[in-house]
Trainee: 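Got a structure for you, questions after.
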Amino acid sequence: MADEAVAERAAEPASHDPQKPQGSRSPEAPPRGGERGGERGRDRGDGQAQGEAEAHDGPEAGDDEAAERAKERERAADRIKDLTRDPLAEEDGEDGPTDLAAAARARRAGRKLLTSGRDFTSFDRSRIGHAHIGDINVSLDARRSGVAMRGGPVPEEELRRLRRAHVEPAGYVRLRRALESRRLLVLGGAPGTGRTSTALALLDEVTRDGAGDGGRVRRVDPHQGEGVRGLVGDVNGGEGGEGGERRGTGYLLELALDRPGTLPPDEMDLDQLASTLAEGDAYAVVVVSVGSAANPLLAGRYGMVCPPAPSQELVTVRLRERLEEARDHEALERAARIAEDPEVIEAVGLDDLRPAEAELLASLLAEHLLGSLTREELLAGCRGIAAVQAHEWFAGVDRALAAAPSSGDGRTPVRSATAALFHPVAFRIALAVLGGGSHSAVSAAAHLLTWELSVQSDPDSTPSRPLFCDDPESDRALSRARSDNGAIDVAGAEVTGQLIFYRGSALPAAVLAEIWDRHFPVRAPVVRWLRLLADDPRPQVSVRAAVAAGELSVRDFEYGFGELVRPLAEASSPRRRVFAATALDQVAGHASHRKAVRKVVDDWSRYGTASLRWTAAMTLGHGRAADSVDAALDALARIGVRDQGRQLAVASLNVVRLLTLPECATVLRRLGQWAEHRREEYQDLALVTIVRLATTGVDEVLDDEPGTPLGDRGDWPLLLALAVTRPELTGTLADLLWTALNTARSRDVAFDALEALLRSASRGERGEGREGGEGREGGDDRMRPGLAALLPALTSDEHDRQQLEWLLRRMMRDQDRPLTTEQASALWRLAVPARQRRSDEEESHG
């Protein structure tokens, strides 16, 4: 048969086609096949039974029975077609789309974000305010140390140590010049970033020739006086009239503007303070936390942001201090090499270190070099750094609410600012759950959680929050976050948007561990919030939330299973059941809980309600909820064939997902056994799975990251990707697809699947073609090896080639998306090798 035969006959009318394959009634009906690969000839039996009926009952009875058989075949074909639709789209309508690829990407991102192998319980939490490891005892809690700070002079010894150890941040000279010229500096920064040390260093420099007996650098107690106004009186000497003794003094005032009812000073107050400082030849630095309340201060003439000090330099300075006594000149170099060890970097899990954290890391490295800490103890201490940061963020956040002032009548407490107080906390939790997603998604989720936390804290009041006070820069600074542009899944397409991440891989898990293990009352609002996220139609939200729910359940499986997994597993919404299945699989990823998860899934597959069986099927598809692939296939078959195949669609989807595992051959062997089973439900399970395999993309079912044989072919149809990456299975794949193509009730939908497969390869993408793809002979070169492996195995005899010829002619006559002559010829040459084409031509001429 010539290469152009398909193209030549495509232009001929169907009723006058002399080369039309025998048995094909029209271009819309493919020719029926014979025996191959275990095919039982069940469809060929229809004609024999029809002839026997006509002979026995006469022509009229035979016609009635034939019509009834035709209707039965049509109903069976419609049923197969229904079962091959997306089982996750039930709530959106019969043909509602779901983005499985986006869900798979979100699940991989969530697992990468939270599953890092850290064991936070190995860090001593009994003294969480300090990092106490061996002989190392370093204060890390910047918030509590600041709150407990008392007013008074700063000792000269502390200033000398500060001069020796302080690392100047970028822009330090600019900060000093601003203080010298204006006398007053409002310095903004996140807690723990070294803003107080920088303020003290600035005051130490500008007051070198300053006050005597009163102390040249003084801290001002933020809880006494009236803030900035009180500082004016302190500069003037207060009630004691000590103004003369305070000339040339530097004052440090830390304002806590995040407390309910606290108002920032206005510009007139700052001007008055600056004037008073100039009269007394004094200086002052007012330290504030970045945030909505501090924005007017930082935007004014006195405001400047304090950049953090460089992490590497901080560690080096601290190491030099620790190793001075050892008198080992090579110790610092060895410590630097250990600090750059990938295992140590992974254990720390922070992109940049704050001063106290750098001091702790330097202490750990020094103690390890001096033999006081083993490597395991070193790594355990490094893992604890992020845990301490998480504790600092959440410890005593709502302590101020417990002692709220009365409203004036002596009865009703004033609790109006709960939402503003809880928003930074909610943002950190939302970022731990949805980190790597869009900034808008994290912000929206944070506002939902702010509401839940506020209602939980004060159920008798309706939380209120100003609408124009969000500050993305403050959110990032207060949560150690960073933004970057990246791809976001929107309605099945990828667009560029702003993503947000923690500045450190250890922080998401540390935050979840902190709120779940140490703050039990927070669990109820977080559970309600996660249930709300489960209903979000965006996979980047619902799937990531499910992964986080699984990690939380690992920390307390009884609570997580009872409050999150089981209720959502029984929900009527497929989206909620997918959430439960994803969370359950995340739990199964931990060896400590895998046995319990497998017991739950097995029980649901055997004795559960319809919803629980559906959820069990989705969990089994991940490959970790059963003792083996064979056990998973047994459970999926049990679910799929029960109740006349009511849940066959979801079972077949998860059988396809198992094909991405190394045990792919086991799955294919089981499909062949189901196809030969005596029960029609098992046959249908095999047929539907085969058709779904031909229409599923790699990125819709793959858990692996790019870099694996399948992961590098994410935009390929799974059938072609398996034919290339597992060439030993190509014959089995072709036999299974041939079975679906030559079985009456699956024939139509199988040919549609094969057409979609050919179009995806000829145009370079699944679905719509890539721009410029039309008219390119051979289509996407990357997929040619897959077609070259599969098509010859699928068309091994003349009848199979006739079926392919019929399909190519149908595709060329498609009025909406006609296949070009070049594309059809290229596909034909891939399917029929040159040797076979010459043989066919010789037979036709003979």
Side-chain angles (χ1 to χ4, degrees), residues 88 98-118 346 349 351 386 427-446 476 479-512 530 533-534 536-554 575 578-579 581-590 618 621-624 657 660 697-708 710-712 714-715:
L88 309 185
T98 58
D99 194 351
L100 292 176
R105 285 191 291 271
R107 181 171 174 270
R108 291 197 298 269
R111 290 176 57 184
K112 185 177 180 180
L113 189 72
L114 293 173
T115 308
S116 55
R118 295 182 177 84
E346 196 276 338
D351 293 348
F427 190 87
R428 291 163 188 152
I429 299 174
L431 185 57
V433 172
L434 305 178
S438 67
H439 193 289
S440 61
V442 174
S443 295
R476 290 192 292 267
S479 301
R480 301 183 73 162
R482 62 179 177 86
S483 295
D484 197 3
N485 291 329
I488 300 174
D489 290 300
V490 179
E494 287 191 350
V495 297
T496 301
Q498 188 181 56
L499 309 182
I500 187 166
F501 310 81
Y502 267 117
R503 297 184 63 83
S505 58
L507 288 172
V511 166
L512 294 185
L530 288 173
L533 298 187
D536 197 293
R538 296 168 295 179
Q540 65 161 311
V541 175
S542 58
V543 176
R544 288 172 185 265
V547 173
E551 285 297 306
L552 293 175
S553 298
V554 170
R575 187 173 289 125
V578 169
F579 182 99
T582 304
L584 206 54
D585 173 72
Q586 188 68 16
V587 177
H590 295 260
M618 288 300 300
H622 293 296
R624 297 191 293 195
R657 293 167 70 189
T660 62
V698 172
D699 55 1
E700 295 176 330
V701 293
L702 187 68
D703 282 340
D704 295 343
E705 293 289 339
T708 62
L710 280 180
D712 289 337
D715 59 339

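This chain uses plain numbering: 1 for the first residue, then up along the sequence. Values reported hereafter were calculated over all heavy atoms of this structure, with side chains retained and with hydrogens, waters and symmetry mates removed.
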Trainee: How many angstroms lie between atom CG of L533 and atom CZ of R544, to the nearest 0.5 angstrom?
Mentor: 12.5 Å

Trainee: If we ignore hydrogens and angles and just use 3.5 Å, is the side chain of R476 paired with the main-chain N or O of I500 as donor and acceptor?
Mentor: no

Trainee: Can you tell me how far apart CG (L702) and CZ (R108) are? Round to the nearest 0.5 Å.
Mentor: 6.0 Å

Trainee: Do any N or O atoms from the side chain of R111 and from the backbone of V547 form a donor-acceptor pair under 3.5 angstrom?
Mentor: no

Trainee: Using the test side-chain hydrogen bond (donor to acceptor under 3.5 Å, both in side chains), find all partners of R624 that sit at least two apart in sequence or belong to another chain.
Mentor: D585

Trainee: Please walk me through it: do M618 and R657 pass side chain to side chain contact (heavy atoms under 4.5 Å, CB included)?
Mentor: CA-CA 10 Å; M618 288 300 300; R657 293 167 70 189; 3.2 Å; yes

Trainee: Closest approach of S479 and R428, non-hydrogen atoms and distance?
Mentor: OG-CG, 3.2 Å

Trainee: Side-chain atoms of residues 436-445: list all donor-acceptor pairs with protein atoms under 3.5 Å, sequence neighbours left out, distances to 0.1 Å.
Mentor:
unit_1: S438; atom_1: OG; unit_2: S440; atom_2: OG; d: 3.3
unit_1: S438; atom_1: OG; unit_2: A441; atom_2: N; d: 3.1
unit_1: H439; atom_1: ND1; unit_2: S443; atom_2: OG; d: 3.2
unit_1: S443; atom_1: OG; unit_2: H439; atom_2: O; d: 3.0

Trainee: For R480, which residues count as a salt bridge (charged side-chain N to carboxylate O under 4.0 Å, His left out) partner, sequence neighbours excluded?
Mentor: D352, E357

Trainee: Among all residues two or more places apart in sequence or in another chain, which pass the side-chain contact (heavy atoms from CB on, under 4.5 Å) test with A548?
Mentor: L114, V433, L512

Trainee: Could you pull out all residues at least two apart from S542 that satisfy side-chain hydrogen bond (donor to acceptor under 3.5 Å, both in side chains)?
Mentor: none

Trainee: What closest approach, in Å, do Q498 and S483 show between heavy atoms, and which atom pair accounts for it?
Mentor: NE2-CB, 3.9 Å

Trainee: Could you tell me the separation between the CD1 atom of I488 and the OG1 atom of T496, rounded to the nearest 0.5 Å?
Mentor: 8.0 Å

Trainee: Taking all atoms of both residues into account, what is the closest heavy-atom pair of A386 and A506, and its distance?
Mentor: CB-CB, 3.6 Å

Trainee: Applying salt bridge (charged side-chain N to carboxylate O under 4.0 Å, His left out) as the test, list every pair that has at least one member in residues 486-498; sequence neighbours left out.
Mentor: R105-D489, R105-E494

Trainee: Name the one of T708, V698, V701 that satisfies side-chain contact (heavy atoms from CB on, under 4.5 Å) with T660?
Mentor: V701

Trainee: Determine the minimum heavy-atom distance between A534 and F579, stating which atoms define it.
Mentor: CB-CD1, 3.4 Å

Trainee: For residues H622 and A581, report the shortest heavy-atom separation together with the two atoms involved.
Mentor: CD2-O, 4.4 Å

Trainee: For side chain to side chain contact (heavy atoms under 4.5 Å, CB included), just list the numbers for L552 and L530, CA-CA rounded to whole Å, side-chain angles, deciding distance to a tenth of an Å, and then say yes or no.
Mentor: CA-CA 11 Å; L552 293 175; L530 288 173; 4.0 Å; yes

Trainee: Output the distance between atom CG (L431) and atom OH (Y502), rounded to the nearest 0.5 Å.
Mentor: 4.5 Å

